[in-house]
Amino acid sequence: GDLVGRFAEVSVFCDGCNWHRCPIHFRAHTTGGDPGHGLTRQGAALQVAKDRRIREALRARGFKVLAFWEHDIARDAAKCARAIMEALKR
């Protein structure tokens, strides 16, 4: 994850809308991915599959996994921070 608290077994992912195939903002490119603008549909599908494998592996090890979209963090970072703090309390 982007942030991992081993002592609390919490992993936090901050997913960019173009790189992690946000259902609201993802716009695929028809040619090779541009590092500043996102991925092709195939590249994004591979990234989503990788995300899923990593998150499932963390859950299997007992981690609580939190994931936030880039647009959610931008809209209300305090709300995301509260969710992280709540997960750390458990």
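Source: prediction; values computed, not measured.
- Counting all heavy atoms, side chain and backbone alike, Arg55 lies closest to Ala67 at NH1-CB, 3.4 Å.
- When all heavy atoms are compared, the tightest approach of His71 to Cys22 is CE1-SG, 3.4 Å.
- Taking every heavy atom of both residues into account, Phe68 and Cys80 meet most closely at CD2-SG, 3.4 Å.
- Listed by chain and number, the residues in a side chain to side chain donor-acceptor pair (under 3.5 Å) with Asp76 amount to none (sequence neighbours excluded).
- Arg75 pairs by the salt bridge (Lys or Arg N to Asp or Glu O under 4.0 Å) definition with Asp72, not counting sequence neighbours.
- Under the 4.5 Å side-chain heavy-atom criterion for Ile, Leu, Val, Met, Phe, Trp and Tyr, Val48 and Ile54 are members of distinct hydrophobic clusters.
- Here the options are Leu66, Leu58, Asp51, the test is side-chain contact (heavy atoms from CB on, under 4.5 Å), and the partner is Phe13; only Leu58 passes.
- Summarising the geometry, atom NZ belonging to Lys50 is positioned 8.0 Å from atom CZ belonging to Arg53; distances are rounded to the nearest 0.5 Å.
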